[in-house]
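Report on one structure; see the data block that follows.
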Amino acid sequence: MPELPEVETTKNSLAPLIGQKVTTVVVHQSSLRWPVPNDLDQLQGQTLLRLERRAKYILAYFGQAGGVEQNIALLHLGMSGSLTLVEPERDLRKHDHVLISFEHIQLRYHDPRRFGSILWLNDNTQTLLSKLAPEPLTDDFNTDYLWQKIQNKTAAIKTVIMDNHIVVGVGNIYATEALFHTHIHPLRPAKSLTLAEVTALTDEIKRILAAAIALGGSTLKDYVNGLGENGYFQQTLDVYGRAKEPCHRCSTLIETIRIGQRASAFCPDCQKFDNPI
DNA sequence: ACACTAACCTGCAAGC
DNA sequence: TGCTTGCAGGTTAGTG
């Protein structure tokens, strides 16, 4: 599912909705990761004022045009979710769970696995945001910060950079790729990294996320942006999804192990555990 | 505080 | 051809 670049791309593609008024809200399936609020139809008559992204959440601010914000919707795409803009007459697909109609276009939340969520941002849900670590593309995420954070961590570095309490937005694809590009074995205890490696890894996480955003994210299976378009970054992936294929750098066959229930591809030659470069 | 697991759910591909 | 198994862009809650 979407990692930070895909969520950012989705958010950006929904910009045409800003300034438009909601006409109707229809919920076909309210059983997502958490129940969809039964008063989501409060949005009817409200205007979408602005969109933001925090980690993998999209925040949609609604209210009266030119007036005060009334409701903030917190959207998460989980593993298989997507948000698309379609003509209201378009045939429904299976798993089109929530339809938010605007005057000339409809926003559809589609999510086969239903790991995503639609919530109001309120006192009950704000802890989902308040617990989040810094954004990787801001200066708050830097070498000194990551160095401090990992000093007592024996867990695998891959697990650590995917931990929302350390840094947000880095999922399985980009964690896997960033470790390959920095020659770091994914199972290395986080605290075993040198300062030089932490510097390289911090820089690489920023570089790869920015590069993926520039290409509209990665479409592996069903990810599309709000306009139904694919991303292209998957064409540049070096190790993710390439088990048993030759390493692009040294031709050694890529291996896959499981770390924290997630497949972790790496090159056993470029990413040595015992003799880090 | 940290490390690790199970769980949420559907679809698809591989293996028998 | 079918049935079973395992795996998939995430995250939280619960265990020790």
Side-chain angles (χ1 to χ4, degrees), chain A residues 1-11 28-36 53-58 74-83 93-97 109-119 124-133 136 148-178 187-192 205 208-209 212-213 215-225 230-237 239-244 256-265:
Chain A
M1 140 19 18
E3 299 187 32
L4 185 147
E6 293 74 35
V7 178
E8 177 72 13
T9 302
T10 296
K11 185 212 71 174
H28 287 301
Q29 168 61 275
S30 62
S31 172
L32 304 183
R33 189 180 205 294
W34 293 289
V36 174
R53 179 190 58 73
R54 174 71 174 107
K56 295 170 188 166
Y57 289 96
I58 292 174
L74 203 52
L75 309 167
H76 197 292
L77 302 178
M79 288 279 259
S80 57
S82 57
L83 286 165
R93 291 181 301 164
K94 196 176 181 183
H95 307 302
D96 279 346
H97 303 314
Y109 177 81
H110 178 266
D111 187 3
R113 292 177 72 182
R114 290 191 273 131
F115 287 179
S117 55
I118 298 178
L119 297 168
N124 295 326
T125 61
Q126 62 86 25
T127 57
L128 294 172
L129 299 183
S130 62
K131 288 185 296 190
L132 294 172
Q148 293 301 326
K149 278 287 186 185
I150 67 173
Q151 285 315 302
N152 296 316
K153 298 243 183 284
T154 57
I157 184 61
K158 175 160 181 280
T159 304
V160 169
I161 60 175
M162 290 176 66
D163 182 344
N164 278 341
H165 301 93
I166 305 292
V167 60
V168 302
V170 183
N172 205 27
I173 299 175
Y174 301 107
T176 297
E177 292 292 307
L187 275 179
R188 293 261 308 279
K191 62 192 288 186
S192 76
I205 288 171
I208 200 164
L209 293 176
I213 291 169
L215 289 185
S218 299
T219 296
L220 298 183
K221 224 180 130 176
D222 47 13
Y223 167 76
V224 290
N225 70 15
N230 290 344
Y232 292 95
F233 194 76
Q234 70 278 5
Q235 296 171 11
T236 76
L237 299 178
V239 277
Y240 180 90
R242 298 195 60 247
K244 299 178 184 168
T256 299
I257 53 178
R258 287 195 83 73
I259 304 177
Q261 318 174 108
R262 314 306 297 272
S264 301

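The chains referred to below are lettered A, B, ... by the order of the sequence lines, with proteins before strands, and numbering in each begins at 1. The model shown is predicted, which means the values in this text are computed figures rather than measured ones.
- A sub-4.0 Å separation between OP1 or OP2 of dG11(B) and a side-chain N or O of His95(A) is present.
- Here, dA6(B) and dG6(C) have their P atoms 14 Å apart, quoted to the whole Å.
- When the side-chain nitrogen and oxygen atoms of Ser80(A) are compared with OP1 and OP2 of dA8(C), none of them lie within a distance under 4.0 Å.
- The P atoms of dG14(C) and dC9(B) are separated by 16 Å, rounded to the nearest whole Å.
- Side-chain nitrogen and oxygen atoms of Arg33(A) include none within less than 4.0 Å of the OP1 or OP2 phosphate oxygen of dC9(B).
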Dot-bracket notation for DNA chain C, counting Watson-Crick and G-U pairs under 3.5 Å, with | for partners on another strand: .|||||||.|||||||
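- Regarding contacts with the backbone of dT11(C), every side-chain N or O of Arg262(A) stays at 4.0 angstrom or more from both OP1 and OP2.
- Under the side chain to side chain contact (heavy atoms under 4.5 Å, CB included) rule, Tyr57(A) has a single partner from Leu119(A), Leu129(A), Leu75(A), which is Leu129(A).
- Between Tyr174(A) and Phe233(A), the distance from one ring center to the other falls under 6.0 angstrom.
- Both thresholds, 5.5 Å between centres and 30° between ring planes, are met by Phe115(A) relative to the base of dC8(B), so the two rings are stacked.
- For dG11(B), neither phosphate oxygen OP1 nor OP2 lies less than 4.0 angstrom from any side-chain nitrogen or oxygen of Lys221(A).
- A residue-by-residue look at Arg113(A) and Gln261(A) shows that Gln261(A) has its nearest nucleotide of DNA chain B further toward the 5' end.
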